[in-house]
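A quick write-up on the structure given underneath.
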Amino acid sequence: MLTFEEFEQWCSQLKLTQNTRSLIAQIRLSPPSRRVQGNYGNVCGNYCSQKMGHTIQFESHRGELAHIIDKLEHNRQVLEYYDQPPPIELNYISKSNRQVRTSHTPDFFVIEVNWVGWEEFKPISELIKKAQQQPNRYVQNEAGNWLCPPGEEYAQKYGLNYRLRTDIEQNVIRLRNYQWLEPYFQDEELEKKSE
């Protein structure tokens, strides 16, 4: 995790406003805003993060846990990540042409070397269904990437980002390798801390 001085230097490097710095600092100090809930067909739990120095919640063993291991924990561009950050407000037009204002708790708030913002993980099968029910909340662009325009709109108020992540981004072989090599990575981290 970043020290106070490293965080301030990182904020300056990205030219973040004081308002945005305060928001990120609040997220960094806040505990998860809610406990994850298991539903039929998914296994929730906690992942012991070496990078963060505490456990990170996940709502899906095959989805969010795989995302944590593959895209967050072992990604050198990711400096910090926080599960269940404070809720944000989404505004969009419903399928029946009504204004919708809803509170939304993204899965993660991620701080990378050159990127910062909220991340929501959805299995592609669930995302396709949700896009049919809420076509202005979940959108697939011409390149095949999934977007959440109201999430992006909220994030842009602070000069931040919002992205949808799906299970089709996961590299099964790399994920399996990370799981097998996890003890090695933990030993490597311990060596760095003892130097």
Side-chain angles (χ1 to χ4, degrees), residues 27 32-49 51-52 54-78 80-96 100-112 115-155 160-182:
I27 292 170
S33 64
R34 68 179 184 91
R35 300 294 306 159
V36 296
Q37 301 168 353
N39 295 319
Y40 176 77
N42 73 348
V43 178
C44 63
N46 294 295
Y47 174 77
C48 186
S49 170
K51 184 176 278 188
M52 295 304 296
H54 60 262
T55 58
I56 302 292
Q57 300 178 91
F58 60 86
E59 283 181 308
S60 159
H61 186 253
R62 291 189 188 124
E64 285 181 22
L65 176 59
H67 177 68
I68 289 168
I69 294 169
D70 188 33
K71 300 291 183 191
L72 301 173
E73 185 72 16
H74 299 293
N75 182 342
R76 292 177 193 257
Q77 292 299 304
V78 174
E80 297 178 352
Y81 62 101
Y82 299 88
D83 62 295
Q84 308 301 311
I88 64 175
E89 186 177 89
L90 301 183
N91 293 297
Y92 60 95
I93 304 297
S94 72
K95 192 174 182 177
S96 60
V100 175
R101 174 176 278 157
T102 186
S103 179
H104 162 60
T105 302
D107 294 317
F108 304 103
F109 187 83
V110 182
I111 297 174
E112 296 182 5
W115 189 94
V116 60
W118 292 270
E119 275 192 355
E120 179 70 11
F121 179 87
K122 295 269 186 241
I124 195 70
S125 57
E126 181 184 334
L127 197 50
I128 290 168
K129 289 177 190 171
K130 286 190 174 286
Q132 292 169 349
Q133 298 163 354
Q134 301 167 319
N136 294 314
R137 181 169 174 175
Y138 301 105
V139 177
Q140 189 174 26
N141 66 15
E142 297 84 26
N145 300 316
W146 285 92
L147 309 170
C148 176
E152 291 174 4
E153 185 179 314
Y154 179 87
L160 301 176
N161 302 285
Y162 185 102
R163 65 183 167 204
L164 279 174
R165 306 301 293 257
T166 69
D167 52 349
I168 60 172
E169 298 174 49
Q170 294 170 351
N171 182 320
V172 178
I173 294 169
R174 186 174 61 225
L175 178 60
R176 196 174 313 128
N177 288 343
Y178 279 139
Q179 289 171 318
W180 278 100
L181 292 170
E182 197 119 49

Determine, stepwise, if the pair D107 / F58 fulfils side chain to side chain contact (heavy atoms under 4.5 Å, CB included). CA-CA 8 Å; D107 294 317; F58 60 86; over 6 Å; no
With rounding to the nearest 0.5 angstrom, report the [atom1] to [atom2] distance, [X] to [Y].
X	Y	atom1	atom2	result
R137	L90	CZ	CG	5.0 Å
Y138	I128	OH	CD1	13.5 Å
C148	Q134	SG	CD	9.0 Å
T166	N145	OG1	CG	9.0 Å
I69	N75	CD1	CG	13.5 Å
S33	Y82	OG	OH	14.5 Å

Verify, without hydrogens or angle tests, whether N136 (side chain) and Y92 (backbone) share a donor-acceptor contact under 3.5 angstrom.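 Side chain of N136 to backbone of Y92, a donor-acceptor pair under 3.5 Å: no, none is there.
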If we ignore hydrogens and angles and just use 3.5 Å, is the side chain of D167 paired with the main-chain N or O of P123 as donor and acceptor?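 Not confirmed, D167 side chain does not pair with P123 backbone.
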Taking side chain as C-beta onward, heavy atoms only, is [X] less than 4.5 Å from [Y]?
X	Y	value
T105	P87	yes
L160	Y154	no
Q133	K95	no
Y162	E120	yes
W146	K122	no
F121	K71	no
P86	I27	yes

Pick out which of R34, Q57, E59, R35 makes a side-chain hydrogen bond (donor to acceptor under 3.5 Å, both in side chains) with Q84. R34
Give me the one residue out of K51, E119, E73 that meets side-chain hydrogen bond (donor to acceptor under 3.5 Å, both in side chains) with Y81. E73
Criterion side chain to side chain contact (heavy atoms under 4.5 Å, CB included) on N161 and R163, from CA distance to verdict: CA-CA 7 Å; N161 302 285; R163 65 183 167 204; over 6 Å; no
Using the six-membered ring wherever Trp is involved, compare the ring planes of W118 and F109 and label them parallel, tilted or perpendicular (cut-offs 30° and 60°).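 It falls in the perpendicular class, over 60°.
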Can you name the closest pair of heavy atoms from V36 and G45 and give their distance? CG2-O, 4.4 Å
Just to verify, which of D83, T55, I68 counts as forming a side chain to side chain contact (heavy atoms under 4.5 Å, CB included) with Y47? I68
Ring centroid separation H67 to F108 under 6.0 Å: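 Close enough - the centres of the two rings lie under 6.0 Å apart.
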Can you tell me if CD on Q140 sees more than 12 non-hydrogen neighbours from other groups inside 6.0 Å? yes
